[in-house]
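Each remark here refers to the structure printed beneath this line.
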Amino acid sequence: MRRSASEQQGGERPIVVWFRRDLRVDDNPALIEAVRSGAAVIPLFVVDTKLISALPSDGAAFDLQAGALRELEDMIRRRGGTLLLRHGDGEDVHRSVIRDFQPSALYFNRDYEPSARTRDERIIRLYRTAGIDVRTFKDAVIFEPDEVLTVDGRPYVVFTPFANTWKRLPAPSPRSAPRRIRTPELSGGGVPDARSLGRKTAVSAPIATGGERAARKRWEWFLRNGLANYDRGRDLPAIDGTSRMSPYLRFGTISVRRMVEDVREAIDAGDAAASASARKYLDELIWREFYQAVLYHFPRVTTGNFRQQFDALRWRTNSRYFEAWKEGRTGVPLVDAGMRQLNETGWMHNRMRMVVASFLTKDLLIDWKRGEKYFASKLLDADTAANNGGWQWAASTGVDPKPLRIFNPRLQGERYDPEGDYIRRYVPELEDVPTEFIHAPHEMPGQLQHELRCVIGRRYPAPIVDHASAAAIYRKLFASVKHP
Ligand SMILES: Cc1cc2nc3c(=O)[nH]c(=O)nc-3n(C[C@H](O)[C@H](O)[C@H](O)COP(=O)(O)OP(=O)(O)OC[C@H]3O[C@@H](n4cnc5c(N)ncnc54)[C@H](O)[C@@H]3O)c2cc1C
């Protein structure tokens, strides 16, 4: 007869710690609490084949996750334990874990996305029906969606008052990784990368690799070199002026409590300018929690407009334009540079995300949901709440109180990439174009185009739409929707 692991361990019933978007040992509440209880721990990661088949096709994020899992395995091994990786349908895997280990409890850190919540409810039921205790913990955010509410207990739908309340609440402190992690005898299982999951990685130069160590290294670099200039550098896509922590935050390879504590220390310690810069950075981390809260309280945003009157808006379905946008071949240099950065690195600068999203919705008049889906398939930091929030902001259908905002890509380029360095990095066809034409190469005299071997319409496309006329059409469309 097969003996369960708990029988093999002399009847001691372990606690299962289910890792999900928290692939680290530092300041991991579920792990720390399980270890603190004194019980043996089963650190579990489920490679949910059913879930994976529904995920976007590009494999870059799977490779990032694989790097994070390998580091997690190593971190656990160094503390005396083993990470248990099991592949299969998520519920079946949990059933097999219950059968094989007869755990006393399941611990995990909460996820606020609608689909994750539905899955988690099913798994909780499974364990509880088997008489197993379940404890869940706050981890991914400083304050959960139900902790930041208006005085009459309602969710905020405007950022500034949300942020003001957020800043007044006492923030939890980070806790150190456990020194030892005692697991029963486990056989680890293989870390799945894109290839083993049958995915191809189209992103050729991913912006982030690895897990907890890589995250910490980048974070320390940013604290030393980036934070004090963040407010000035954050809008210039040609420089390394933002933290690039988003892929690590997505997989939880860094603790947001650790980040906020470090930022608050910088606010207190810096001179007035450095402190203002660090404050600006804190605001961005609060934006992240704001959109988590919006998604939590209004899960309908995943399928439609937050401002429901926009459901009546008739977007265009021009696949030629959509393909040109995806490939970075619209003939609008800044937009093309942004899309190519996304396709090559799996990340795009925030200013550029706003520019390309505005271009798709306001210039090409294409539904933001198509852009959101494309971003989700490519971004290493793809996050339903931030992605949806960003797209609805750009499309003027979201929680932003100033809806009619149309970005002029040429003016954005002149302002934020004045020398065209960013454009030239990602659009090599335009490498030799003089700066005076870099934002509108189609205006170069014919002879110059020939001399530079950059004939517009051949080497690089002419703009697929005229911004002024497209914006005028969008304004009419916008006005045709009833605004309460
Ligand atoms: C159309 C669109 C789609 C987006 N999709 C995503 C997405 O899928 N995942 C994602 O993490 N961010 C998304 N963003 C927000 C933002 O662009 C990225 O968080 C940021 O560019 C990540 O780079 P960074 O880590 O260097 O940011 P930094 O400027 O260094 O900011 C630090 C952190 O703050 C958070 N943050 C910053 N800006 C925002 C914001 N506007 N909304 C929410 N959180 C923010 C992120 O966690 C980020 O890592 C999107 C924005 C737009 C306009």
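Order of listing sets the numbers, starting from 1, for every ligand and every atom in it.
- There is no side-chain donor-acceptor pair under 3.5 Å between Lys369 and Thr303.
- Counting heavy atoms from C-beta on, the side chains of Leu236 and Asp417 never come closer than 4.5 Å.
- A donor-acceptor pair shorter than 3.5 Å can be found between the side chains of Tyr156 and Thr165.
- For the side-chain hydrogen bond (donor to acceptor under 3.5 Å, both in side chains) criterion with Ser243, the lone passing option out of Trp221, Trp219, Tyr281 is Tyr281.
- For Asn343 and Arg340, the side-chain atoms include no donor-acceptor pair closer than 3.5 Å.
- Listed as neighbours of ligand 1 are Tyr230, Thr242, Ser243, Arg244, Met245, Ser246, Leu249, Tyr281, Glu284, Leu285, Trp287, Arg288, Tyr291, Trp347, Met348, Asn350, Arg353, Met354, Ala357, Phe375, Leu379, Asp381, Ala382, Asp383, Ala386, Asn387, Gly390, Trp391, each bearing a heavy atom under 4.0 Å from the ligand.
- For the pair Ile142 and Pro172, the tightest heavy-atom approach, listed with the atom from each and the gap, is CG2-CD, 3.7 Å.
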